[in-house]
2 protein chains.
Amino acid sequence: MSEDEVLLQQLFEDDKLTEKQKKIILAAIESFSEKGYAATSTSEIAKKAGVAEGTIFRHYKTKKELLVSIVAPLMAKLIGPFIVNDFHKVLDHPYEHVEDFLRAAIQNRSDIIKKMLPVIKIMMQEIPFQPELREQFLEQVARKTFDRILLVIKEYQDKGQLIEMPTLSAARLAISSIFGYLISRYIFFPDSEWDDELEIERTVQFIMHGLSQR
Amino acid sequence: MSEDEVLLQQLFEDDKLTEKQKKIILAAIESFSEKGYAATSTSEIAKKAGVAEGTIFRHYKTKKELLVSIVAPLMAKLIGPFIVNDFHKVLDHPYEHVEDFLRAAIQNRSDIIKKMLPVIKIMMQEIPFQPELREQFLEQVARKTFDRILLVIKEYQDKGQLIEMPTLSAARLAISSIFGYLISRYIFFPDSEWDDELEIERTVQFIMHGLSQR
DNA sequence: TCATTTAATGAGTGATTACTCACTTTTATT
DNA sequence: AATAAAAGTGAGTAATCACTCATTAAATGA
């Protein structure tokens, strides 16, 4: 099984899709992430997928519906394990120190991003232009994640491990550092040699010292 | 004079442009940043600019040339003052402390971003898809800026103000924090109330403590 | 096995695309 | 004022766009 098909399986494991439908989605992901949504034609997707153009519209009423059907499941994947696992653990106190939580959080996000990179690129590209995606992202991903992050930060602030600062500002600084690493690692310089463990540790230490009680 | 025209003047002050050409550029900036480059048609730009469609192609051979002519000057603006002013000052030691340099750098970038926001949006959107823009950005902006940043960081590391860490990693962490603030401020939550001075100070302190000698 | 549903097809649709070009109008030069 | 050059026009073009639909193929269930 190819890497692409592994990616596909993880994103669409719960759905019952025909073989042609899977090929359409794979072809669309490839073209959308390479050329952008608007610059990709349905005929091109059909050709790459090895199906008739009409087959695309049998399963998806419009081209935009195809886009949404690709990006929407990713949002669930992005938010799901984050909320269910990480935060549950934190709020139930298995991570006594904020550093341990940070390490786990970055590692978690890192794995998902690595696997879903093309779809994430599509998502980031189209969110500014597709109100439907934008709304879904803000409500399902950003809002829920942010609320939880605020809780966690408050928790560690109360423990005296973090500096007293509006949690919003603290969250912004921590999130910037994490995404700065992920974006550098997987978007800007994916071909450089990375000692991931070391860079994650540096990022964690940077956040820790930057936000620690002085 | 409208705000848009101020923006225009700053971006294209050195060029001799006809009135219609200015209107075309303004219309293109508006449409490109709202709908994206690929999703914007030349007929739409012509209509918005109040010119005939042929006029666009009198000045720009292709639609892509129009895009480049909008984004390219911005890159010079982004890099120009950064290198000429900020770094010159740093390397000639008027900023004894790294914090003072950081404050000045963020303030400088902040002003430019505020003014050029729509064009910056276009640039960020299209760099992944337009090799010409990508190359220009990497060579003119990213490379030069990065080289200088590395020098500055090395300078302050030698002074003992910054932790010993590969300068590349230190640069990544500092840049992430700065851009995290700028993106939050002007892209994600431009409508929230911001105490800019305070947030910049928090960001500076965060970087300082995160990277300071321990 | 046969009937019914579902999947797949590809030629065809009108609309829109980026771009051209013969022509008119404006500006600059002498 | 005469001439040349540059700017502006808008109807026209072939290509391509997202999408439809009548028809055929495959899968399903009794």
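Quantities reported herein were computed from a predicted structural model and do not represent experimental measurements. First the proteins, then the strands, lettered A, B, ... as listed; each starts at 1.
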Self-check item: Residue B/Thr18, side-chain heavy atoms: nucleotide from D/dG8, D/dC19, C/dA18 that is nearest
Solution: D/dG8
Quiz item: Which value, rounded to the nearest 0.5 Å, describes the distance between B/Ile149 atom CD1 and B/Thr167 atom OG1?
Solution: 11.0 Å
Quiz prompt | B/Leu138 side, atom CG; B/Phe146 side, atom CZ - distance, nearest 0.5 Å | solution = 11.5 Å
Exercise. May I have the distance from B/Gln21 (atom CD) to D/dA6 (atom P), rounded to whole angstrom?
Key: 14 Å
Quiz item: Looking at A/Tyr37, does the NZ or CZ of A/Lys63 lie under 6.0 angstrom from its six-membered ring centre and within 45 degrees of the ring axis?
Solution: yes
Quiz prompt | Shortest side-chain distance from A/Thr62, nucleotide among D/dC19, D/dT9, D/dA18 | solution = D/dC19
Self-check item: Whole-Å distance separating the NZ atom of A/Lys63 from the C1' atom of C/dT17
Solution: 13 Å
Exercise. Using a 4.0 Å heavy-atom cut-off across all strands, classify A/Ser41 as base, sugar-phosphate, or nothing.
Key: sugar-phosphate
Quiz prompt | Distance in angstrom units between A/Leu17 CG and C/dA8 P, rounded | solution = 11 Å
Quiz item: Within the structure shown, what part of the strands sits under 4.0 Å from A/Glu53 by heavy-atom distance: base, sugar-phosphate, or nothing?
Solution: base
Practice problem: Could you tell me the separation between the CD1 atom of B/Ile45 and the P atom of C/dC19, rounded to a whole number of Å? | Solution: 11 Å
Practice problem: To the nearest Å, give me how far apart NZ (B/Lys47) and C1' (C/dT16) are. | Solution: 13 Å
Quiz item: Which part of the nucleic acid, if any, lies within reach of A/Thr55 when heavy atoms closer than 4.0 Å are counted: base, sugar-phosphate only, or nothing?
Solution: base
Quiz prompt | Spacing between A/Glu19 atom CD and D/dA25 atom P, to the nearest angstrom | solution = 21 Å
Quiz item: Looking at B/Ser43, does any N or O in its side chain come under 4.0 Å of the phosphate oxygens OP1/OP2 on C/dA18?
Solution: no
Exercise. Report the nucleotide, chosen from D/dG8, C/dT20, C/dT9, that has the shortest atom-to-atom distance to any side-chain atom of B/Phe57.
Key: C/dT20
Quiz item: Separation of B/Glu44 atom CD from C/dA15 atom P, in whole Å?
Solution: 19 Å
Quiz item: Counting side-chain heavy atoms from CB outward, which of C/dT9, D/dC17, C/dC19 is closest to A/Lys20?
Solution: C/dT9
Exercise. State, yes or no, whether a side-chain contact exists between B/Gln130 and B/Lys64 at a heavy-atom distance under 4.5 Å.
Key: yes
Quiz item: Expressed in angstrom and rounded to an integer, what is the separation of A/Tyr37 atom OH from D/dC17 atom P?
Solution: 13 Å
Quiz item: Does the side chain of A/Glu53 pick up a donor-acceptor pair with the side chain of A/Thr42 at under 3.5 Å?
Solution: yes
Quiz item: Counting just side-chain N and O atoms, does A/His59 come under 4.0 Å of either OP1 or OP2 of C/dT6?
Solution: no
